[in-house]
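As structure tokens, the structure follows; a few thoughts come after it.
In what follows, chains carry the letters A, B, and so on, assigned in the order in which the sequence lines appear, proteins first and then strands, with residues in each chain numbered from 1. Predicted model, so just to flag it, every value in this text is computed and none were measured.
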Amino acid sequence: MDFINHFIVPGIIGGIFLFGVARGVNTFDAFLEGAREGLSTAVSITPALICLLTAVAMFKASGALDVLSWGLSPLAQAVGLPGEVIPLALLRPISGSGAMVLFNDLLAVYGPDSFIGRVASVMEGSTETTFYTIAVYYGATHVTRTRHTLPSALSADLAGILMSGVAVRLFLGAI
Amino acid sequence: MMSYIISGMILLAILTGGIGGNMAAVSTAAMNGCGQAVQLVISLTGTICLWSGVMRVADRSGLTDAMSRMFRPITRFLFRELSEESPAMKAISMNMAANLLGLGNAATPLGLAAMKELEKENRRAPAASQAMVTFVVLNTASLQLLPTTNAYLRLAAGSKEPMEILPAVWLASSVSIGVGVLMTRLLAGWRKS
């Protein structure tokens, strides 16, 4: 598994370059042209990232996550999710690295093959860092009105979170 | 919409930080957070440039055309308003391929390239087009076939079956993606701007 993984990135880069050379493309020139555009993309997403990450850092440091999780845990139990995974569900759309740390803690405390560990694994594996994606993707454009992006993305997240409990029960049992 | 989320997070941080006596931590976090964002951009700049460059090489040699033909059955359904020859379609297909393979580092730069192409065809500017909304929502959901980092962390934590969660992950992500796409369609008429 790991072996294959280590080959994917070099294989893709090497394959594309070799294919380009074989097709008579000036690969170096083409690369520079693309990379130059990449440079301006990186600059254009910076303000959005600064705004989002500052807010996320303040949110994480304040302890608001614990308060929200405490408030939401009865609701979570009502829909069949263990209260322990609620902080992960709340942090996942906001911070990928933060969620990774929480996920690791849950695995260490409850064990990866426990119900809590499995639900956390499925939740972590079936969702993405929603706010980061929205901020960065639109940050690369001049769009100021994202219309129904956020409500749709959050509905998808909610569905993924609810389904992680259901799917673990379905495939692996409720213990 | 993002304004509410950002302002809400800051407001919550100040409220709970103030009541819980964590204000010093919140203050430090604000100062560090903005710096961390710039550090993140610097490390991202490398991967963005690398994959944008590789993508251009693939473009010139006709590989992206082949890729977008491969994804056409899916993209035709998801992005009805885009023409099949649109350059955005190629970038979208490359982004989807990277997502499926779990190459997050490549998916973001390719996704940003797709957004720039979509912007050229955006007739609703400065509002997002339906194609942009669909594309971003797809990227906020997980399309990864094999969650390898996840399985690796499970293995490291002593799991006997790190991959046993796969069917459950596929089910949960499929439902999540389905709901996301459905909502982009249902809400399309709402908030016309």
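- Looking at A/Ile50, both its backbone and its side chain come within 4.5 Å of chain B, counting heavy atoms on both sides.
- For chain B, the nearby part of A/Ile94 is the side chain; its heavy atoms alone come within less than 4.5 Å.
- Interface residue A/Ala135: backbone and side-chain heavy atoms are both found under 4.5 Å from chain B.
- Neither the backbone nor the side chain of B/Met23 comes within contact range of chain A, judged by heavy atoms closer than 4.5 Å.
- Residue A/Phe28: no heavy atom, backbone or side chain, is found under 4.5 Å from chain B.
- We find that A/Arg36 and A/Glu33 are not joined by a salt bridge, their nearest charged nitrogen and carboxylate oxygen being 4.0 Å or further apart.
- When heavy atoms are compared at a cutoff of 4.5 Å, B/Ala107 approaches chain A solely by way of its backbone atoms N, CA, C and O.
- Contacts of A/Thr146 with chain B are made by both backbone and side-chain atoms, with heavy-atom separations under 4.5 Å.
- Heavy atoms closer than 4.5 Å to chain B are found in both the backbone and the side chain of A/Leu39.
- With a 4.5 angstrom heavy-atom cutoff, A/Tyr137 touches chain B via backbone and side-chain atoms both.
- Contacts of B/Glu161 with chain A are made by backbone atoms alone, with heavy-atom separations under 4.5 Å and no side-chain atom involved.
- Proximity to chain A is absent for every atom of B/Pro109, based on heavy atoms less than 4.5 angstrom apart.
- Looking at A/Val136, the atoms closer than 4.5 Å to chain B (heavy atoms on both sides) sit in the backbone and in the side chain alike.
- Using a 4.5 Å cut-off between heavy atoms, A/Val43 makes no contact with chain B at all.
- Residue contact with chain B, scored on non-hydrogen atoms closer than 4.5 Å, involves the side chain of A/Ile12 exclusively.
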| request: Take B/Ser142 and A/Ser126, measure what side chain to side chain donor-acceptor pair (under 3.5 Å) needs, and give me the verdict at the end. | output: CA-CA 5 Å; B/Ser142 176; A/Ser126 60; over 6 Å; no
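- For A/Leu170, the part lying under 4.5 angstrom from a heavy atom of chain B is the side chain only.
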| Do B/Asn22 and A/Ser62 pass the side chain to side chain donor-acceptor pair (under 3.5 Å) test, and can you show the C-alpha distance, the side-chain angles, and the key distance before you say yes or no? | CA-CA 6 Å; B/Asn22 274 335; A/Ser62 70; over 6 Å; no
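- Residues A/Thr141 and B/Lys116 bring no donor and acceptor atom of their side chains to less than 3.5 Å of each other.
- By a heavy-atom distance cut of under 4.5 Å, B/Leu50, B/Trp51, B/Ser52, B/Gly53, B/Val54, B/Arg56, B/Val57, B/Ala58, B/Arg60, B/Ser61, B/Leu63 are the residues of residues 50-73 of chain B near chain A, going up by number.
- By the side-chain hydrogen bond (donor to acceptor under 3.5 Å, both in side chains) test, B/Glu164 pairs with A/Arg118, B/Arg154, sequence neighbours left out.
- Looking at A/Leu68, only its side chain comes within 4.5 Å of chain B, counting heavy atoms on both sides.
- From B/Leu143, atom CG reaches atom CD1 of B/Ile177 across 4.5 Å, with rounding to the nearest 0.5 Å.
- If you measure heavy-atom distances from A/Ser40 to chain B, the contacts under 4.5 Å come from both the backbone and the side chain.
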